[in-house]
Amino acid sequence: MKKLLSVICAILITIFAIMPNAYAEAQKDYGNLDMSRWVFVAPFNDRDILIDKTSFDYKLDYRDNILCNLWVCYFFNNEDKYTFHNITIDYDNKALSLDSYITYNKKGKVLDSYNLPYQDFEKVIPGSVGELYYYIAFHPDYIDEIKKHLKENS
């Protein structure tokens, strides 16, 4: 009985030691970002990745390939900046293109921006952040609905 009580106490101590850190991460201050539209996706090295859930725009290109355009935010944890990337993902070719970006300091002042002159699609690398974007944009549970919607509205 004492062993069982000791194990339970050890588990509870571990849980209570971890909880404040997990809670603090969930309550992180993302400054000027409107968190009713930006969704935390993943931590990545020294930055957090967020996606604008209101920016998903699906369409067919001239070859009838399904494209999704969306905005991604890289929020740098150790620097005074965050960057928005506008990307287009090609479902049929499993490729993505960076279309533009804009970098702000954490007070909201523009530091840099650029619109690329044309789309340059690169294949999605397995296990990369690009693959994460691909599966978020074209989740297997919803791809049939996306295809149906695009065919009805084209």
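Residues: numbered from 1 along the sequence shown.
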Return yes if a side-chain donor-acceptor contact under 3.5 Å exists between Y101 and N115, otherwise no. no
Would you kindly say whether D99 and N69 are connected by a side-chain donor-acceptor distance under 3.5 Å? yes
Not counting sequence neighbours, which residues clear side chain to side chain contact (heavy atoms under 4.5 Å, CB included) with I102? List them please. F84, Y104, V110, S113
Those residues that, when tested against V39, pass side chain to side chain contact (heavy atoms under 4.5 Å, CB included) (two or more places apart): K53
Heavy atoms from other residues, nucleotides or ligands near CZ of F56 exceed 12 (cutoff 6.0 Å): yes
Mind listing the closest non-hydrogen atom pair of [X] and [Y] along with its distance?
X	Y	answer
F121	L67	CZ-CD2, 4.4 Å
L116	L98	CD2-O, 3.6 Å
E131	I125	CB-O, 3.7 Å
W38	V72	CZ3-C, 4.0 Å
G130	L96	CA-CD2, 3.6 Å
I49	F44	CD1-CB, 3.7 Å

Do the side chains of [X] and [Y] join up, straight or via other hydrophobic residues, at under 4.5 Å, putting them in one cluster?
X	Y	value
L50	Y82	yes
I136	I89	yes
F40	L70	no

Could you tell me whether the side chain of K106 and the main chain of E79 form a donor-acceptor pair under 3.5 Å? yes
Counting N and O atoms only, with roles assigned by atom type, does the side chain of D61 sit under 3.5 Å from a partner on the main chain of N65, one being a donor and the other an acceptor? yes
Can you tell me how far the CG atom of D29 sits from the CE atom of M35, to the nearest 0.5 Å? 9.5 Å
How long is the straight-line distance from OG of S128 back to CD of E122, given to the nearest 0.5 Å? 11.5 Å
Residues clustering with L111 (ILVMFWY side chains joined when closer than 4.5 Å, directly or via others): none
Partner set under ring pair (Phe, Tyr, Trp, His ring centres under 6.0 Å) for [X], not counting sequence neighbours:
X	answer
H149	none
F138	Y58, Y91, Y134
Y135	none

Side chain to side chain contact (heavy atoms under 4.5 Å, CB included) between K81 and F75: does it pass, once the steps are laid out? CA-CA 7 Å; K81 68 179 183 178; F75 188 88; over 6 Å; no
CA sep, side-chain torsions, deciding dist, call: H85, Y74, side chain to side chain contact (heavy atoms under 4.5 Å, CB included): CA-CA 8 Å; H85 287 193; Y74 292 95; 3.3 Å; yes
Using the side chain to side chain contact (heavy atoms under 4.5 Å, CB included) rule, take Y133 and I51 through it: C-alpha gap first, then chi angles, then the decisive distance, then the call. CA-CA 9 Å; Y133 301 151; I51 290 185; 4.1 Å; yes
Is there a side-chain contact between K147 and I143 (heavy atoms, below 4.5 Å)? yes
Side chain to side chain contact (heavy atoms under 4.5 Å, CB included) between I66 and L60: does it pass, once the steps are laid out? CA-CA 5 Å; I66 301 171; L60 297 173; 3.8 Å; yes
Would you please test D48 and Y30 for side-chain hydrogen bond (donor to acceptor under 3.5 Å, both in side chains) and show each step? CA-CA 10 Å; D48 292 343; Y30 288 108; 2.7 Å; yes
Run D52 and R37 through salt bridge (charged side-chain N to carboxylate O under 4.0 Å, His left out) and show every step you take. CA-CA 6 Å; D52 180 359; R37 69 183 302 168; 2.8 Å; yes
Could you walk me through whether T88 and Q119 pass the side-chain hydrogen bond (donor to acceptor under 3.5 Å, both in side chains) check? CA-CA 8 Å; T88 300; Q119 289 182 318; 3.0 Å; yes
